[in-house]
Amino acid sequence: MRVAVIGAGVIGLSSALCIHEQFHGLVPSLELEVYADHFTPHTTSDGAAGLWQPYLSDHGNLQETLWNKETFDYLLGHLHSAAAKEMGLFLLSGYNLFTEPVPDPSWKNIVLGFRNLTPKELELFPGYSYGWFNTALMLEGRSYLPWLTNRLTQRGVKFFHKKVESFQELFSQGVDVVLNCSGIRAGDLQPDPQLQPARGQVIKVLAPWVKHFIITHDLKSGIYTSPYVIPGSEFTVLGGICQHGNWSEENSAKDHKFIWDSCCQLLPALQKAKIIEEWSGLRPARPSVRLERESIRLGNLQAEVIHNYGHSGFGITIHWGCAMAAARLLGSILQEKKQLATPPGPRL
Amino acid sequence: MASPKVAVVGAGVIGLSTALCITETFPSCSVTVLSDQFSPNTTSDVAAGMLIPHTYPDTPIHRQKQWFKETFTYLFAISNSVEASEAGIHLVSGWQVYKSTPKEELPFWSDIVLGFRAMSEAELQKFPQHRFGQAFTTLKCDCPPYLLWLEKRLKATGTQMYTRKVADLWELRSEYDIVVNCTGMGAHQLVGDKQLFPVRGQVLKVHAPWVKHFVRDGDGLTYIYPGIHRVTLGGTREKGSWSLSPDAGTTRDIFDRCCSLEPSLQGARDIEVKVGLRPSRQCVRVQREVLSQGGVKLPVVHNYGHGAGGFSVHRGTANEAAHLVGECISALQGSSSRAKL
């Protein structure tokens, strides 16, 4: 039973790990492979700061809120494990700032210690009159992806550095199930007009005195179009760009100036921070995550694809919930193909 | 007295901040800082510099609260300015956890720090051995940066600083009009204050940049304070011990206690061990005194005995000491104008 994962970002690698953990003992013939044209540190996931935080509203998409919660709880459970440091996992508290009161977010009870900001705290942020404080998690892609890769390698999962041109290509090689975790490039494999880039740009600086995340919001212009500061274990990420429909992965001087000026206005001490790196990436934006099975007829064969892409700017936030959902879909496929026994009954 | 000459003895956080307050309040004074040690070799350099007050048994609470409030307000403004990183001042959030619920659930300073509240059940799950806790955001003064920043501001006002061991305050009478005694533990010898006693503290300074929160056990013995570059792990409170030598067994014990509060510290690197003697007293001595011998008088302002709470109240006591220096100046001007008659 050959299962091929396309994509080696946080979605592809975590789905692969979740599947291997759940099924390798149950399906002795399971062979898991990962195909990708980009591996860490060159994936979209590597550019993300790594903060666990969903968008402000789930637009009634309770399924995504549940996947977010599953991810948070899973990560929280690993916080005290010996692996946490290697995973790039740690607690981080901080501020979400608004210019007007807003309803509490869907995730207020998922994070720790969620509360409104006090007037004195708001004095720190002139121009903002309302906000939240909470404790969330950081999962740095630069550590998490190598950690996932190591776990998978230890488990005998094979990696192939190539750009898969079609699902057909893999099925014709004898792959039984394809897990499509191709992120922003999913449209190359199967057209999806709902999938659009939401271009981001970030400046990585050295500012080790910053111990909190600060995310400002401009409700009119949309998520992540307003300055944010996210301290990692080594660098602090400055951002505030989210451009729908922009496919450019080149750094823009205009965006640099916006990020720099607005973040320095937010935290004046950043003016003294040393710039280390600048990066642009394409959030794989979609009105909702595409996480579903698709049966593809190829001649007289029925091939199965599990789609798991379109995680917008909350891939890290939602990844494990989606990985488990993808694993459940694989479970149904395996049962249908009689690869997985129905719950064991008494031996006759 | 056109330009009173003031000597501030001591160059820890108390000496430097007091000198700065004096230059700010009385710009006509000529201030000189004299100390046998400067940063990075002062007691202040060992401390984490967290703004979490120590309660002095014999100082009225309202006075301690005023000192803390002035200090917090002063540093809050710096933390919010472009100078924050140079001054070593930054906000940090975290938790104070208790194995058993404390008698006093609301400390006197709870409305001065930011966002003070009881920890939720979910937050307490991170600390299985602890049953109660408080979450808040406060400030941290990293040393050496803060002391170096104070020195820089002092130099900008024309304040001179000299390495000099003052054996007796009286020896300064011919060179200075007023002496300010900020000698911390040195006051034990220098002014023979037997009410002053050391409380030895050993700490570890480690590289663990993923630790972004402070954790403090309410018993005050175990704490994790993340600074700009290093995390301070503590500690000990050994009353009456004068030893400045690190103890290896204590190092191991501190590390173990901190790892049980924050398991990821197992991955901490570059462990540096430091020892300081908290200059402890039942109440901080902020007081005027006039030394006199054979008709010669030397006004002295004392500002020492801050024990475990030096950083938390430094600006408040510096303000008070500067005010007392003002009284000394007035007294000198009064007597000098009388002398002209």
Side-chain angles (χ1 to χ4, degrees), chain A residues 72-73 76-95 109-126 133-135 138 140 143 206-214 231-235 264 266-274, chain B residues 72-73 76-95 111-128 133 135-137 140 142 145 208-215 226-230 259-260 262-269:
Chain A
F72 192 88
D73 291 345
L76 200 61
H78 275 74
L79 199 58
H80 284 187
S81 75
K85 185 190 169 193
E86 211 194 319
M87 285 167 80
L89 177 65
F90 55 92
L91 281 176
L92 187 67
S93 296
Y95 307 89
N109 293 321
I110 301 176
V111 294
L112 303 172
F114 182 93
R115 62 173 174 83
N116 285 349
L117 292 180
T118 62
K120 208 155 129 204
E121 287 175 306
L122 285 165
E123 277 176 42
L124 285 166
F125 310 110
F133 183 92
N134 65 266
T135 301
M138 277 286 277
E140 296 183 299
S143 296
L206 275 179
W209 61 88
V210 178
K211 307 290 182 191
H212 298 92
F213 63 80
I214 303 166
S233 60
E234 253 187 289
F235 308 114
C264 286
L266 195 54
L267 279 189
L270 283 174
Q271 289 168 59
K272 303 269 176 88
K274 184 175 165 202
Chain B
F72 196 92
T73 304
F76 186 77
I78 300 172
S79 79
N80 216 7
S81 78
V82 66
E83 301 202 55
S85 60
E86 195 197 333
I89 309 293
H90 58 97
L91 283 172
V92 59
S93 296
W95 309 281
D111 59 345
I112 299 171
V113 297
L114 304 175
F116 186 97
R117 60 175 170 85
M119 282 166 76
S120 63
E121 282 303 314
E123 287 173 301
L124 277 165
Q125 285 190 23
K126 190 170 139 53
F127 305 103
F136 55 94
T137 301
K140 186 178 190 296
D142 267 36
W210 61 88
V211 175
K212 307 286 187 192
H213 297 87
F214 71 81
V215 183
I228 294 176
H229 298 291
R230 322 214 89 218
C259 285
S260 76
E262 178 52 70
S264 71
L265 283 170
Q266 289 289 351
R269 298 275 164 266

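So that the names make sense, note that chain A is the first sequence line, chain B the second, and so on, each numbered from 1.
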Identify which part of B/Pro209 has an atom lying under 4.5 Å from any heavy atom of chain A, answering side chain, backbone, both or neither.
both
Main chain of B/Gly227, side chain of A/Lys211: is a donor-acceptor contact present, judged purely on distance under 3.5 Å?
yes
Where on A/His212 is there a heavy atom nearer than 4.5 Å to chain B: the side chain, the backbone, both, or neither?
side chain
Give the minimum heavy-atom separation between B/Lys212 and A/Gly232, together with the two atoms involved.
NZ-O, 2.6 Å
Taking every non-hydrogen pair under 4.5 Å, which of B/Ala122, B/Gly115, B/Gly267 racks up the most with chain A?
B/Gly115
Pair count under 4.5 Å, heavy atoms only, with chain A: among B/Ser79, B/Ser120, B/Ser85, B/Ser264, highest is B/Ser85
Here the gap from B/Ser93 atom OG to A/Leu91 atom CG, rounded to the nearest 0.5 Å, amounts to 12.0 Å
Separation of B/Ser260 OG from A/His80 NE2 (nearest 0.5 Å):
10.5 Å
Pick one of side chain, backbone, both or neither for A/Thr135, based on which atoms fall under 4.5 Å of a heavy atom in chain B.
side chain
State, to 0.1 Å, how close B/Asn80 and A/Leu124 come at their nearest heavy-atom pair, and which atoms those are.
OD1-O, 3.5 Å
Highest number of heavy-atom pairs under 4.5 Å with chain B among A/Gly94, A/Ala84, A/Ser93 belongs to A/Ser93
For B/Ser81 and A/Pro268, which heavy atoms make the closest approach, and how far apart are they?
C-CB, 3.7 Å
What residue in A/Val210, A/Leu92, A/Thr118, A/Leu76 has the most heavy-atom pairs under 4.5 Å with chain B?
A/Leu92
Could you have a look at B/Glu86, B/Met119, B/Lys126 and say which one has the most heavy-atom pairs with chain A under 4.5 angstrom?
B/Lys126
When the 4.5 angstrom heavy-atom criterion is applied to A/Lys120 and chain B, the contacting part is both
Checked B/Lys140, B/His213, B/Glu83 vs chain A; the most non-hydrogen pairs under 4.5 Å come from B/His213
Sort out for me which of B/Leu91, B/Asp142, B/Ile89 touches chain A most, counting heavy-atom pairs under 4.5 Å.
B/Leu91
For the atom pair CD (B/Gln125) and CG (A/Leu112), what is the distance rounded to the nearest 0.5 Å?
9.0 Å
Assess the residue pair B/Leu114 and A/Phe133 against the criterion (side chain to side chain contact (heavy atoms under 4.5 Å, CB included)); give the C-alpha distance rounded to whole Å, side-chain angles, the decisive distance to 0.1 Å, and a yes or no.
CA-CA 11 Å; B/Leu114 304 175; A/Phe133 183 92; over 6 Å; no
Between A/Glu140, A/Arg115, A/Glu234, A/Gln271, which shows the greatest number of heavy-atom pairs under 4.5 Å with chain B?
A/Arg115
